[in-house]
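Taking it in order: structure first as structure tokens, then the write-up.
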Amino acid sequence: QVQLVESGGGSVQAGGSLRLTCVASGITTRLYQMAWFRQVPGKEREGVANIYIRGGITYYSDSVKGRFTISQPGNKNMMFLQMNALEPEDAAMYYCAATERRQDAGLAPESDMEYWGKGTLVTISS
């Protein structure tokens with residue numbers, strides 16, 4: 001089992017930046033991919049970015065490409081989402097997710113993920 005805990009959410013003005021952190025614990029050696037998703041009330045959860053742990057290949061949704069960066073430090077039990085040039089539309093609950101399954105390349109759908117954090121809230125003031 002893997003546990004995921006997000007942190008770093010908060011309130012920021014439009015145009016500002018935030019960095020989200022996800023820490024994985026438990027049996028993490030078999031993890032294949034980690035990802036960030038977000039959800040606003042009344043809408044489906046959407047993929048934001050994902051990273052393949054071996055190799056570091058990344059994918060982004062079109063809405064955040066060029067503004068957000070997903071990364072892992074040397075410690076592969078952690079993952080970051082650097083969010084720059086934040087827009088009001090970026091306000092959401094952000095979730096960390098992970099999977100041990102090998103998946104097709106590309107932005108990971110929600111159904112690919114096996115483990116989820118409880119989320120961290122990002123609010124944007126204009």
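The model shown is predicted, which means the values in this text are computed figures rather than measured ones. Only heavy atoms go into these numbers, but all of them, side chains included; no hydrogens, no water, no symmetry mates.
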Worksheet item: Taking all non-hydrogen atoms of both residues, which atom of Gly16 and which atom of Val12 are closest, and how far apart?
Response: CA-CG2, 3.9 Å

Worksheet item: Do Asn50 side-chain atoms and Trp36 backbone N/O form a donor-acceptor pair below 3.5 Å?
Response: no

Item to complete: Considering non-hydrogen atoms only, spot the tightest contact between Leu18 and Leu86 and give its length.
Response: N-CD1, 3.9 Å

Item to complete: Evaluate the side-chain proximity of Tyr32 to Arg54: yes if any heavy-atom separation is below 4.5 Å, no if none is.
Response: no

Item to complete: State, yes or no, whether a side-chain contact exists between Gln33 and Met113 at a heavy-atom distance under 4.5 Å.
Response: yes

Practice prompt. Take Tyr59 and Lys65 through the test side chain to side chain contact (heavy atoms under 4.5 Å, CB included) and record every step on the way to the result.
Written response: CA-CA 9 Å; Tyr59 294 92; Lys65 201 172 294 182; over 6 Å; no

Response to the item:
Heavy-atom nearest pair, Ala14 first then Pro88, reads CB-CD, 4.2 Å

Practice prompt. Supply the atom-to-atom distance Ile53 CD1 to Ile51 CD1, rounded to the nearest 0.5 angstrom.
Written response: 8.0 Å

Worksheet item: Just by modelled atom types, is the Gly9 backbone N or O under 3.5 Å from a matching donor or acceptor in the Thr120 side chain?
Response: yes

Worksheet item: Should we count CG of Asn75 as having more than 12 external heavy atoms under 6.0 Å?
Response: yes

Worksheet item: Would you say the side-chain atoms of Glu100 pair up with the backbone N or O of Leu31, donor to acceptor, closer than 3.5 Å?
Response: no

Item to complete: Please check if Met83 and Val64 belong to a single hydrophobic cluster, counting links between Ile, Leu, Val, Met, Phe, Trp and Tyr side chain heavy atoms closer than 4.5 Å.
Response: yes

Worksheet item: Hey, are Tyr52 and Gln103 close enough side-chain-wise for a donor-acceptor pair under 3.5 Å?
Response: no

Worksheet item: Do Asn77 and Val23 touch side chain to side chain, with heavy atoms closer than 4.5 Å?
Response: no

Item to complete: Taking the six-membered ring for Trp and the single ring otherwise, decide whether the centroids of Phe68 and Tyr60 are under 6.0 Å apart.
Response: no

Worksheet item: So if you build clusters from Ile, Leu, Val, Met, Phe, Trp, Tyr with side-chain heavy-atom gaps below 4.5 Å, do Val2 and Met79 land together?
Response: yes

Worksheet item: So do Leu20 and Glu6 actually touch side chain to side chain, heavy atoms under 4.5 Å?
Response: no

Fill in: Path from Leu81 to Met34 over hydrophobic side-chain contacts below 4.5 Å
yes

Response to the item:
Residues at least two apart in sequence or cross-chain that pass salt bridge (Lys or Arg N to Asp or Glu O under 4.0 Å) with Arg67, listed by chain then number, are Glu87, Asp90

Fill in: Carboxylate-amine/guanidinium proximity below 4.0 Å for Arg38 and Glu46
yes

Worksheet item: Is there a side-chain contact between Asn84 and Thr69 (heavy atoms, below 4.5 Å)?
Response: no

Worksheet item: Taking all non-hydrogen atoms of both residues, which atom of Lys118 and which atom of Tyr95 are closest, and how far apart?
Response: O-CE2, 3.4 Å

Worksheet item: Are Ser61 and Ser63 close enough that a side-chain donor and a side-chain acceptor fall under 3.5 Å?
Response: yes

Worksheet item: If we only count heavy atoms from C-beta on, is the Gln39 to Phe37 side-chain gap below 4.5 Å?
Response: no

Item to complete: Could you verify whether a donor N or O on one side chain and an acceptor N or O on the other, from Thr99 and Glu114, lie under 3.5 Å apart?
Response: yes

Worksheet entry | Heavy-atom check, side chain of Gln3 versus side chain of Tyr115, under 4.5 Å | no

Worksheet item: Is Gln72 reaching over with its side chain to a backbone N or O of Met78, donor-acceptor style, under 3.5 angstrom?
Response: yes

Worksheet item: Under 4.5 Å between side-chain heavy atoms, hopping through other hydrophobics if needed: is there a path connecting Leu4 to Ile70?
Response: yes

